[in-house]
Visitor: 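Quick one: structure below, then a few questions.
In this chain, residues are counted from 1 in sequence order. Here the structure is a predicted model, which is why all the values come from computation and not from measurement. Read the numbers this way: they start at 1 and go in the same order the structure lists the ligands and their atoms. Just the heavy atoms: all of them, side chains too, but no hydrogens, waters or symmetry mates, feed the values below.
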Amino acid sequence: MAAEEQRAADDIVRAARSVFTRGLTHGRTGNISVRTAGGILVTPTGSSLGTVVAGDLSLIDDRGVHLSGPKPSKEAFLHAAVLRARPSAHAVVHTHSLYSAAVSCLSGLDTDNVLPPLTAYYAMRVGRLPLLPYHAPGDTGLRDLAEATAVRRHAMLLSNHGPVVAGTSLAEALDALEELEETAKLYFVLRGLPVNPLTDEQAAALAPSG
Ligand SMILES: [Zn+2]
């Protein structure tokens, strides 16, 4: 493994452990990818982010085609689609985090922007959050939609499923994912109470670039 690939693999394992031990995903759910010179390193199918190790990772190309290593996650095509759409992005994190997944099951959501900008850090790290319609896990019918959405947004929420978040680095993607989950939690804590979200102007002044 090239030094760059090894570093990326180590980063993925560190991130996986962090996501898992902090309860941001559970069981064998969730997957993480990082773009390298030789392709996209991604967690393999059937793996737990709590136990995956660097030698377990799969390598796919930017079309999602398996190049080497174990069989990739069946959601790897989503990572490839988002990275294709966003040349500035280097990492993608997808989880089934509790509160984000809970929001994704609600009816009557604004599909262009699921959550209000409740806090400055949400406005800064996530911005607008589109909702993609339900597809069964691994259904590649979601590929074109995810790619088209990722051209405009680095974060999206899959209906009845969970968030997909890209970042220029893995750390940035994780920060955004975590902020999304905390805001989804706040959204439920505040449900039914009168709320003052940031104004459009306040949110726009903090918005990430795309
Ligand atoms: Zn999933």
Side-chain angles (χ1 to χ4, degrees), residues 12-13 15-35 40-52 56-60 62-66 69-86 89-106 109 111 114-115 126 129-150 153-167 170 172-185 187:
I12 288 175
V13 169
R17 234 37 117 240
S18 170
V19 162
F20 189 85
T21 56
R22 289 181 304 130
L24 287 166
T25 204
H26 61 277
R28 294 175 188 276
T29 66
N31 26 77
I32 298 175
S33 65
V34 168
R35 193 203 307 264
I40 300 166
L41 270 179
V42 62
T43 45
T45 190
S47 67
S48 164
L49 298 186
T51 54
V52 71
D56 289 344
L57 300 179
S58 315
L59 191 68
I60 59 173
D62 73 344
R63 306 302 309 175
V65 175
H66 186 197
K71 196 172 167 212
S73 159
K74 61 175 177 285
E75 295 177 313
F77 74 91
L78 276 176
H79 295 246
V82 169
L83 289 169
R84 260 198 319 278
R86 301 188 70 80
H90 284 90
V92 176
V93 183
H94 164 61
T95 61
H96 299 179
S97 305
L98 179 66
Y99 291 93
S100 304
V103 167
S104 82
C105 299
L106 293 174
L109 294 169
T111 56
V114 177
L115 288 170
V126 179
L129 181 71
L131 181 74
L132 271 54
Y134 175 77
H135 286 70
D139 180 347
T140 54
L142 196 51
R143 178 179 9 228
D144 291 350
L145 196 50
E147 185 170 353
T149 304
R153 303 286 169 217
H154 70 291
M156 62 192 83
L157 187 62
L158 312 180
S159 288
N160 306 84
H161 190 163
V164 177
V165 180
L170 185 48
E172 190 184 286
L174 282 174
D175 282 347
L177 180 102
E178 196 163 359
E179 204 59 49
L180 199 172
E181 175 65 1
E182 288 302 310
T183 298
K185 196 186 290 185
Y187 180 73

Visitor: Do side-chain atoms of S104 reach the backbone of H161 as a donor and acceptor pair under 3.5 angstrom?
Guide: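 Judged by distance alone, yes, a pair lies under 3.5 Å.
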Visitor: Provide the full list of side-chain hydrogen bond (donor to acceptor under 3.5 Å, both in side chains) pairs with a residue in residues 137-149, sequence neighbours left out, each pair given once.
Guide: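 Only R84-E147 qualify under side-chain hydrogen bond (donor to acceptor under 3.5 Å, both in side chains).
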Visitor: Looking only at N, O or S atoms, find the one in E75 nearest to the Zn ion (ligand 1) and name it.
Guide: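 This turns out to be OE2.
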Visitor: What pairs with P133 under side-chain contact (heavy atoms from CB on, under 4.5 Å), at least two apart in sequence or on another chain?
Guide: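 H135, L145.
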Visitor: State the atom name: nearest N, O or S atom of H94 to the Zn ion (ligand 1).
Guide: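 Result: NE2.
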Visitor: Do V164 and V92 come within less than 4.5 Å of each other through their side chains, counting heavy atoms only?
Guide: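 In short, these two side chains touch, coming nearer than 4.5 Å.
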Visitor: Which N/O/S atom belongs to H161 and is the closest one to the Zn ion (ligand 1)?
Guide: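 Restricting H161 to its N, O and S atoms, the minimum distance to the Zn ion (ligand 1) goes to NE2.
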